[in-house]
Amino acid sequence: MSSFNSILGVFLRESKIHYRSFFHILSIFLFFILSIIIFVFAVGSNKELFNQIGVGIIWTIILLSNTLSIKKFFQNDFDDNSLIIIHMSGLSYEIIALIKMLTIWMFLQAPFFIILPIAFLLLEMQFDNLKIVYLSFLIGSVIITCISAISGSMNLLNKKNFSIGGLIIMIFSIPVIIFGVNIVNVSNNIEIIKAQINILLGIMFFFLAISPWASGLCIKISLQNK
Amino acid sequence: MKFLINPNRFIKFSDLVFKPLICLSAIFLLIGIVFAFFLSPNDYQQGATVRIMYIHVPAAWIAVLTFLIMTLYSIIGLAFKINFSFIINSAIAPIGAIFTLICIVTGSLWGKPMWGTWWVWDARLTSVAILFLLYLIIIFLKNSITNINVSEKITAVLIIVGSINLPIIKFSVDWWNTLHQPASISKLSSPSIDPSMLRPLVIMTIALMLLAIVIGIIRIKAEILKRKLR
């Protein structure tokens, strides 16, 4: 029971921190909207073109805006030693990573469900596809959160090269982009959609299994050599 | 087999086998080049361009094999706390990267006359390109963390996570319809390649593997000495 209490405590603490850094979260979504507007200006407002490549644009920008939030995972708690204190309350690093992933998903990924229709509006895309994009994003966002957790924990002691975290996220999310975007292009065939969803689910469960272990291990190594 | 996990034994063992390995790799490379250029027949469709295969295929095998060795050593190093495995990882990562680059470059040189294009986005080519980028990210990540104890362990974690790419590379030609041909040698039934072409391919594979091992020994020894100096 006590471990459940401490899990709940950490969860509430994380939620409170995210709630108070509201403007940072807001700026990430502003980045998303601005990138889409810049894309429209760069390519030109062409309805047919955006119906073809719009989902790809949206997925790419979601991925890029996720690279902005790597530092939010563990860096602050690592710098002020809160991670050790949370660990001393009886939670393993893997559980801490899992709780962090859950809160990050709630506060940084779930709001995309509200913003995606706006992106659809801005790109003048058909709203028929929105359901499938929601479905693929529901699975894909979990995968991206897992990858961001791995990347964020790997760069705790990295003071020289800040872009490498984004590189790690981008290289591992290539399969997510491939299957997440491909779902929309084959949207008339229900069997192929099912196959793609199954592949995405497989990737999601793989990363759900591996990322608490990997980020927990990386946090442990970094804390030992701080 | 202690020399695989103990640096001092490794130096002793490598001193013993280093010169014979150089001689062997030179001999095999010479025979292989003679076979590849003069004693093997032209393909009835591809003509003389088929000779690119004798570099392309061994380079690809070595690229994948290097990553496999790095994965195994990462698991051993993290599980049993053997520091020598991290030395090996950082020593052989550039070798794997170079052989992947050789594989990609020769592949596109072969693809231009045969497929009519330098590059296509097919599953095998894409996964090998990802392998190359993974090698680069591994090397960058290792160099961007100043504390060497942290950097080598975190790189090992990245290698283990990145090793999901290996089965994708191997089976990409079976899972998807690719322009790249499916496996013709490393499969369960007998190889579907003519013996006159298989012979130079095997010799070149042995030669390039010996060459990679020689370079690997030099790099591992240099890495051990570098750490001893510190």
Side-chain angles (χ1 to χ4, degrees), chain A residues 56 74 78 93-94 97 143 146-179 181-182 195-196 199 202-203 205-226, chain B residues 67 71 74-75 77-81 83 86 89 93 97 100 121-169 171-172 175-178:
Chain A
F74 305 108
F78 180 78
Y93 293 116
E94 286 81 6
I143 305 172
C146 293
I147 299 167
S148 315
I150 298 177
S151 164
S153 60
M154 276 178 180
N155 290 292
L156 287 175
L157 281 178
N158 179 2
K159 300 274 184 273
K160 274 181 4 190
N161 190 347
F162 291 108
S163 51
I164 197 99
L167 288 182
I168 294 173
I169 292 185
M170 277 155 81
I171 195 149
F172 284 121
S173 30
I174 288 172
V176 185
I177 296 291
I178 291 173
F179 294 111
V181 176
N182 214 1
Q196 306 264 1
I199 293 175
I203 302 172
F205 284 123
F206 176 81
F207 273 109
L208 268 182
I210 206 172
S211 72
W213 166 77
S215 33
L217 189 63
C218 289
I219 294 169
K220 215 183 292 173
I221 294 164
S222 304
L223 278 176
Q224 279 164 1
N225 293 284
K226 195 177 176 184
Chain B
F67 208 95
T71 312
S74 304
I75 294 170
L78 286 175
F80 302 109
K81 298 197 166 45
N83 273 334
F86 303 129
N89 273 353
T100 319
W121 288 106
D122 106 4
R124 174 58 76 82
L125 277 70
T126 313
S127 52
V128 172
I130 291 174
L131 181 76
F132 179 60
L133 294 176
L134 257 176
Y135 271 123
L136 290 188
I137 288 179
I138 286 165
I139 296 167
F140 291 168
L141 183 70
K142 210 197 126 286
N143 290 329
S144 59
I145 300 177
T146 32
N147 188 337
I148 197 150
N149 286 325
V150 183
S151 71
E152 58 192 16
K153 281 176 190 158
I154 281 179
T155 315
V157 177
L158 180 63
I159 291 168
I160 294 174
V161 176
S163 66
I164 25 165
N165 197 18
L166 293 183
I168 296 177
I169 292 176
F171 296 111
S172 55
W175 290 343
W176 289 283
N177 275 326
T178 53

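All chains are named by letter (A, B, ...) in the order of the sequence lines, taking the proteins before the strands, and each is independently numbered beginning at 1.
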Exceeds 12 heavy-atom contacts within 6.0 angstrom, atom NZ of B/Lys81: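 No.
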Per-residue contact mode, [X] against chain A (heavy atom under 4.5 angstrom):
X	result
B/Leu78	side chain
B/Asn143	backbone
B/Ile168	neither

Contact leader toward chain A among B/Leu158, B/Thr146, B/Asn165, where contacts are heavy-atom pairs under 4.5 Å: B/Leu158
Largest heavy-atom contact set with chain A, pairs under 4.5 Å, which of B/Ile160, B/Thr155, B/Leu141: B/Leu141
Side chain to side chain contact (heavy atoms under 4.5 Å, CB included) partner of A/Ser222, the single match among B/Ile145, B/Val150, B/Asn147: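 Filter result, single survivor: B/Val150.
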B/Phe67 vs B/Ile138, side chain to side chain contact (heavy atoms under 4.5 Å, CB included): CA-CA, chis, key distance, verdict: CA-CA 11 Å; B/Phe67 208 95; B/Ile138 286 165; 3.7 Å; yes
Reported CG-to-CD1 distance for the pair B/Asn149 and B/Ile154, which is rounded to 0.5 angstrom: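 Rounded to the nearest 0.5 Å, the CG-CD1 separation comes to 11.0 Å.
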From A/Cys146 atom SG to A/Phe206 atom CZ, the distance as rounded to the nearest 0.5 Å: 10.5 Å
Interchain contact, A/Leu157 with chain B, by part (heavy-atom threshold 4.5 Å):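 Its backbone and side chain both get close to chain B.
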Under 4.5 Å from a heavy atom of chain B, the part of A/Leu167 involved: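 Both parts, heavy atoms under 4.5 Å.
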A/Ser151 (side chain) donor-acceptor with A/Ile147 (main chain) under 3.5 angstrom: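 Not at all, since once roles are kept as given, no pair shorter than 3.5 Å links the two residues.
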